[in-house]
Amino acid sequence: MYDWAGRAIKRHRMEIRGAFGFRECTEEDQVQLAEWLAVELCGVELNRDRLAEAVVARCRKGRLEPRLRGRSPGW
């Protein structure tokens, strides 16, 4: 069984980000994503799932690990 809340998962996520060239999403990144979303997409796209897909795609393009729903800020 894998411990999804312990130190191992934090280390593994860090190793995976490093291997693929990604980094954690900072608060500043989140502010920029929210501004981009509000200015560029919310006026033309109302479907929540498509908006979420667009944010994930933008994070991938910027090599950011997207925040997941329900993930605590310190995780």
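All values derive from a computational prediction rather than experimental measurement.
To the nearest 0.5 angstrom, Glu65 atom CD is 9.5 Å from Cys59 atom SG. Here the straight-line distance linking atom SG of Cys25 with atom CZ of Arg63 works out to 14.5 Å at 0.5 Å rounding.
Residues Ile16, Phe22 make up the rest of the hydrophobic cluster containing Phe20, defined by ILVMFWY side-chain heavy atoms closer than 4.5 Å, directly or through other members.
Between Arg17 and Glu24 there is a salt bridge, since a side-chain N of the basic residue sits under 4.0 Å from a carboxylate O of the acidic one.
Residue Glu15 places its CD atom among more than 12 non-hydrogen atoms of other residues, nucleotides or ligands, all under 6.0 Å distant. Atom CZ of Arg60 has 12 or fewer heavy atoms from other residues, nucleotides or ligands within 6.0 Å. Other residues, nucleotides and ligands contribute more than 12 heavy atoms inside 6.0 Å of the CZ atom of Arg11.
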Side-chain polar contacts of residues 34-45 - donor-acceptor pairs under 3.5 angstrom, sequence neighbours left out - could you list them?
residue: Glu45; atom: OE1; partner: Arg50; partner atom: NE; Å: 3.1
residue: Glu45; atom: OE2; partner: Asn47; partner atom: N; Å: 2.9
residue: Glu45; atom: OE2; partner: Arg50; partner atom: NE; Å: 3.1
residue: Glu45; atom: OE2; partner: Arg50; partner atom: NH2; Å: 3.2

Practice item. Would you please test Lys61 and Arg58 for side chain to side chain contact (heavy atoms under 4.5 Å, CB included) and show each step? Key: CA-CA 5 Å; Lys61 184 178 178 183; Arg58 178 110 174 170; 5.6 Å; no
